[in-house]
Undergrad: 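I am attaching a structure below and will ask some questions about it afterwards.
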Amino acid sequence: RPDGVRTHGPAASRAILMKQLFSLHDHVIVCGYGATGRYVARDLAKEGLEVVAVDRSAEQVRLAEEDGHLFLLGDVLDPEVLKEAGIERARGVIIVLPSESDNLFATMTARELNPDVFIIARHTSGHAREKFMRAGADRAVNPFEETGRLIGKEFLQPAVSDLMRIFSGENGEEVEDEVRVREITIGRGSELVGQSLVDADIRARMDIIVIAMRKAGDSTRFNPDPDRAFEPGDVLVCMGRLAKLRDLHAEHRPIAYGLM
């Protein structure tokens, strides 16, 4: 991962930063590097994804640099800032600005600049989800509602919550031989394209179980049809050891990006 800009002089520093940003593909733009944005960026980086943190605060951008991310000082409500962050080549955009109205406007701007990019946006009012979805978000998340649901599940189904925490890696450091659940997106150049689950034999080859699949533009289907041929953009929900899941992701990730 690039280490940000280390040279002296603002003009030289910006030139190097712009060169690094221009070379990025398949990255994730995190809009807003407050507490939530910082956690999001950390988790994405742990999964090997390139992160570009964008914030209008010089202090927050400094934190992003210290955390090892590429960074951009600017207002994501300005389309030119998102273009500088490489939105046309990005894998996704995560919008966690303090203001709900700013998040909504940034969602519309991001969708206009890249019709295919995967967008997750934060909202805080109970009635706003549909508004964000109409504006172009693929996911609209209310942290207060999500926290309430999690607390309820912790009380009603503690064993299930523990299992999900293990699968998602929330119980501590990532260990290569621990079992996890991860999404794997099939890229255009993947050898899986045209094969079925039976043909690919992922379980026998890699000790990975495909527990669900989502076809581009469709809902997620559990226990997928073993004879259905894979297509570019299909998303496999896989369970297996972390090291094997990373191998599978590296082999079949998209080459030029549109889908998450």
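Starting from 1, each residue takes its place in the sequence as its number. What you see is a predicted model; the values in this text were computed from it and never measured.
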Undergrad: Quick check: do Val54 and Val81 have side-chain heavy atoms less than 4.5 Å from each other?
TA: yes

Undergrad: Would you find a donor on one side and an acceptor on the other, under 3.5 Å apart, between the side chain of Arg180 and the backbone of Arg241?
TA: no

Undergrad: What's the spacing between Met239 CE and Arg203 CZ if we round to 0.5 Å?
TA: 8.0 Å

Undergrad: Rounded to the nearest 0.5 Å, what's the gap from OG1 on Thr107 to NZ on Lys131? Could you check?
TA: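 It is 12.0 Å, given to the nearest 0.5 Å.
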
Undergrad: Return the CG to CG distance between Leu77 and Leu82, rounded to the nearest 0.5 Å.
TA: 8.5 Å

Undergrad: How far apart are the C-alpha atoms of Asp234 and Thr185, what are their side-chain angles, what is the distance that settles it, and do they pass the side chain to side chain contact (heavy atoms under 4.5 Å, CB included) test?
TA: CA-CA 6 Å; Asp234 285 352; Thr185 302; over 6 Å; no

Undergrad: Quick one: hydrophobic cluster around Leu63, which other residues, with the 4.5 Å side-chain cut-off, linked directly or via members?
TA: Tyr33

Undergrad: In Å, rounded to the nearest 0.5 Å, how long is the span from CD1 of Ile184 to CD1 of Ile202?
TA: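 Interatomic distance, Ile184 CD1 to Ile202 CD1, rounded to 0.5 Å: 9.0 Å.
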
Undergrad: Take Met213 and Phe230 through the test side chain to side chain contact (heavy atoms under 4.5 Å, CB included) and record every step on the way to the result.
TA: CA-CA 10 Å; Met213 181 164 61; Phe230 296 126; 3.5 Å; yes

Undergrad: In the structure I gave you, are the side-chain heavy atoms of Val93 and Val28 within less than 4.5 Å of one another anywhere?
TA: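 SC-SC contact between Val93 and Val28 ruled out.
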
Undergrad: Do any pairs count as a salt bridge (Lys or Arg N to Asp or Glu O under 4.0 Å) and have a residue in residues 101-113, sequence neighbours left out, and if so which ones?
TA: Arg56-Asp102, Arg111-Asp138

Undergrad: Between Lys215 and Glu231, is the side chain to side chain contact (heavy atoms under 4.5 Å, CB included) condition met? List the steps.
TA: CA-CA 8 Å; Lys215 181 179 172 61; Glu231 299 175 359; 2.4 Å; yes

Undergrad: Decide yes or no for Arg89 and His25: does some side-chain heavy atom of the first lie under 4.5 Å from some side-chain heavy atom of the second?
TA: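 They are in contact (side-chain heavy atoms under 4.5 Å apart), so the answer is yes.
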
Undergrad: Which residues, ordered by chain and number, are linked to Met133 in its hydrophobic cluster, where ILVMFWY side chains connect at heavy-atom gaps below 4.5 Å, directly or through other members?
TA: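 Other cluster members: none.
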
Undergrad: Could you tell me if the side chain of Glu50 sits less than 4.5 Å from the side chain of Leu24, heavy atoms only?
TA: yes

Undergrad: Please identify each residue that fulfils salt bridge (charged side-chain N to carboxylate O under 4.0 Å, His left out) with Glu80, with sequence neighbours left out.
TA: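 Listed in chain order: Lys83.
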
Undergrad: Do you know the tightest heavy-atom contact between Ala45 and Val51?
TA: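 Looking at all heavy atoms of both residues, the closest pair is N-CG2, 4.3 Å.
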
Undergrad: Could you check whether any side-chain heavy atom of Ile120 comes within less than 4.5 Å of a side-chain heavy atom of Val141, counting everything from C-beta outward?
TA: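 Side-chain contact under 4.5 Å: yes.
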
Undergrad: Going from CD on Glu100 to OG1 on Thr124, what distance comes out if it is rounded to the nearest 0.5 angstrom?
TA: 4.0 Å

Undergrad: Decide salt bridge (Lys or Arg N to Asp or Glu O under 4.0 Å) for Glu47 and Arg182; before the verdict, give the C-alpha distance in whole Å, the side-chain angles of both, and the deciding distance to 0.1 Å.
TA: CA-CA 10 Å; Glu47 291 297 321; Arg182 292 290 186 269; 3.0 Å; yes

Undergrad: Can you confirm whether Leu73 sits close enough to Asp55 that some side-chain heavy atom of one is under 4.5 Å from a side-chain heavy atom of the other?
TA: no

Undergrad: Partners of Asp199 by side chain to side chain donor-acceptor pair (under 3.5 Å), sequence neighbours excluded?
TA: Ser196

Undergrad: When you measure from the side chain of Ser23 to the backbone of Gln20, do you find a donor-acceptor pair of N or O atoms at a distance under 3.5 Å?
TA: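 Judged by distance alone, yes, a pair lies under 3.5 Å.
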
Undergrad: Yes or no on side chain to side chain contact (heavy atoms under 4.5 Å, CB included) for Leu245 and Cys238, after CA distance, side-chain angles and deciding distance?
TA: CA-CA 8 Å; Leu245 290 169; Cys238 302; 3.7 Å; yes

Undergrad: Is Ile94 close to Ile29 at the side-chain level, that is, under 4.5 Å between some pair of heavy atoms?
TA: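 No, too far: nothing below the 4.5 Å cut-off.
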
Undergrad: Phe132 ring centre to Arg122 NZ or CZ under 6.0 Å, with the angle to the axis within 45°?
TA: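 So Arg122 doesn't make the cation-pi contact.
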
Undergrad: Decide yes or no for Met206 and Asp247: does some side-chain heavy atom of the first lie under 4.5 Å from some side-chain heavy atom of the second?
TA: yes

Undergrad: In Å, rounded to the nearest 0.5 Å, how long is the span from CD1 of Ile95 to NE2 of His123?
TA: 12.5 Å

Undergrad: Run the salt bridge (charged side-chain N to carboxylate O under 4.0 Å, His left out) test against Arg62 and tell me which residues pass, sequence neighbours left out.
TA: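 Salt bridge (charged side-chain N to carboxylate O under 4.0 Å, His left out) check on Arg62 returns Glu59, Glu66.
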
Undergrad: May I ask you to say whether Arg38 pairs ionically with Asp43, meaning some side-chain N is under 4.0 Å from a carboxylate O?
TA: no

